[in-house]
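Heads up, the thing below is written out as structure tokens.
Just so it is clear, the structure is predicted and the values come from calculations on it, not from any experiment. For this chain, numbers begin at 1 and follow the sequence in order.
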Amino acid sequence: ALCETATASVDDGANTEPLTVKQQSDDLARLNDTLPHGKLIDSLLLKYEIAKGSKDKKDDQTVFFLTASAEQGSGLANLILAREDNVPFNKKINYYLQAAKYGYPSEGYQAIADIYQNGLGVEKDDFLASCYRNLATYNSNKPLVEVCKSRYPDKFRPMPNMPLQSAKEIMK
């Protein structure tokens, strides 16, 4: 009954119409039907949140659910994994690249820029940092991207920009 009466507002520009939690849930379900791995990602992220919040918290469980979600294309899971303290910087860069690919380009590329700017687990490189910082902007400088690709064929890896892959991430 509580779910039936809880409401949220959606502003369509002219008037405000309340939506029930059930309507929001139905909208998310329809959205996930259009995403190839949406339901699985949402399920894995929910299991991660439950494991993380459990009194019997097991770190290996939380990492398992996050990793599985990341492997299905969750940008959010990749972002969370990259921010873990015990992850080596070369893996952090890969997680941030995947986060950038799956809906978090600004956060992913900015974090990689910071890694190279500060020489965290990699050789400090201000120019490579500026290459990634450029990708973190909304409208990156295309000629600079080409120079970065030619100068750093192994270290500079711009990713295709794909949308978020689950309804949970879209709503967040």
*Test Leu81 against Val87 for side chain to side chain contact (heavy atoms under 4.5 Å, CB included), laying out the working first.*
CA-CA 8 Å; Leu81 284 166; Val87 174; 5.6 Å; no
*With sequence neighbours left out, which residue pairs that include part of residues 74-119 fulfil the disulfide (SG to SG under 2.5 Å) condition?*
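Applying disulfide (SG to SG under 2.5 Å) to every pair that reaches into residues 74-119, excluding sequence neighbours, yields nothing.
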Considering all heavy atoms of both residues, which atom of [X] and which atom of [Y] are nearest to each other, and what is their separation?
{"X": "Ser74", "Y": "Leu45", "result": "OG-CD1, 4.1 Å"}
{"X": "Gly73", "Y": "Ile41", "result": "C-CD1, 4.0 Å"}
{"X": "Ser140", "Y": "Leu135", "result": "CB-CA, 4.2 Å"}
{"X": "Gln117", "Y": "Lys124", "result": "O-NZ, 2.7 Å"}
{"X": "Val145", "Y": "Pro158", "result": "CG1-CG, 4.5 Å"}

*Identify, with sequence neighbours excluded, every residue that meets side chain to side chain donor-acceptor pair (under 3.5 Å) alongside Arg157.*
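Partners of Arg157 by the side chain to side chain donor-acceptor pair (under 3.5 Å) criterion, ordered by chain and then number, come out as Asn94.
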_Pairing residues for Asp125 by the side chain to side chain donor-acceptor pair (under 3.5 Å) criterion, not counting sequence neighbours_ = Tyr152
When you compare the side chain of [Y] with that of [X], does any pair of heavy atoms fall below 4.5 Å?
{"X": "Ile93", "Y": "Val122", "answer": "yes"}
{"X": "Tyr109", "Y": "Thr137", "answer": "no"}
{"X": "Asn161", "Y": "Lys101", "answer": "no"}

*Can you list the other members of the hydrophobic cluster that holds Met162, where links are side-chain heavy atoms under 4.5 angstrom apart?*
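Listed partners: Tyr102.
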Pairs under 3.5 angstrom only: tabulate donor-acceptor contacts from the side chains of residues 63-72 to other protein residues two or more places apart or in another chain.
{"from": "Thr67", "atom 1": "OG1", "to": "Val63", "atom 2": "O", "distance (Å)": "2.7"}
{"from": "Gln72", "atom 1": "OE1", "to": "His37", "atom 2": "ND1", "distance (Å)": "2.9"}

*Enter the distance from Cys131:SG to Phe156:CZ here, rounded to the nearest 0.5 Å.*
5.0 Å
*asked:* Under the criterion side chain to side chain contact (heavy atoms under 4.5 Å, CB included), I'd like the reasoning laid out for Lys155 against Tyr116: C-alpha separation, chi angles, the key distance, then a yes or no.
replied: CA-CA 10 Å; Lys155 292 182 182 178; Tyr116 281 108; 4.2 Å; yes
_Please determine whether side chain to side chain contact (heavy atoms under 4.5 Å, CB included) holds for the pair Ile115 and Tyr132, giving the CA-CA distance in whole Å, both sets of side-chain angles, and the decisive distance to 0.1 Å._
CA-CA 10 Å; Ile115 289 171; Tyr132 277 108; over 6 Å; no
Check the hydrophobic clustering (I, L, V, M, F, W, Y; side-chain heavy atoms under 4.5 Å; chains of links allowed) and say if [X] and [Y] are grouped together.
{"X": "Leu46", "Y": "Leu40", "value": "no"}
{"X": "Phe127", "Y": "Leu120", "value": "yes"}
{"X": "Ile50", "Y": "Ile80", "value": "no"}

*So, does Lys52 use its side chain to make a donor-acceptor pair with the main chain of Gln61 at under 3.5 Å?*
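Checking the backbone N and O of Gln61 against the side chain of Lys52, no donor-acceptor pair under 3.5 Å is found.
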_Stepwise side chain to side chain contact (heavy atoms under 4.5 Å, CB included) test for Tyr96 and Asn78_ = CA-CA 7 Å; Tyr96 281 129; Asn78 277 288; over 6 Å; no
*Salt bridge flag under 4.0 Å for residues Glu146 and Lys149*: yes
*Not counting sequence neighbours, list each pair that qualifies as a salt bridge (Lys or Arg N to Asp or Glu O under 4.0 Å) and has a residue in residues 113-122.*
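Listed by first then second residue: Asp114-Arg133.
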*So is Lys92 actually on top of Tyr95's ring, under 6.0 Å and inside 45° of the axis?*
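No, Lys92 does not sit over the ring of Tyr95.
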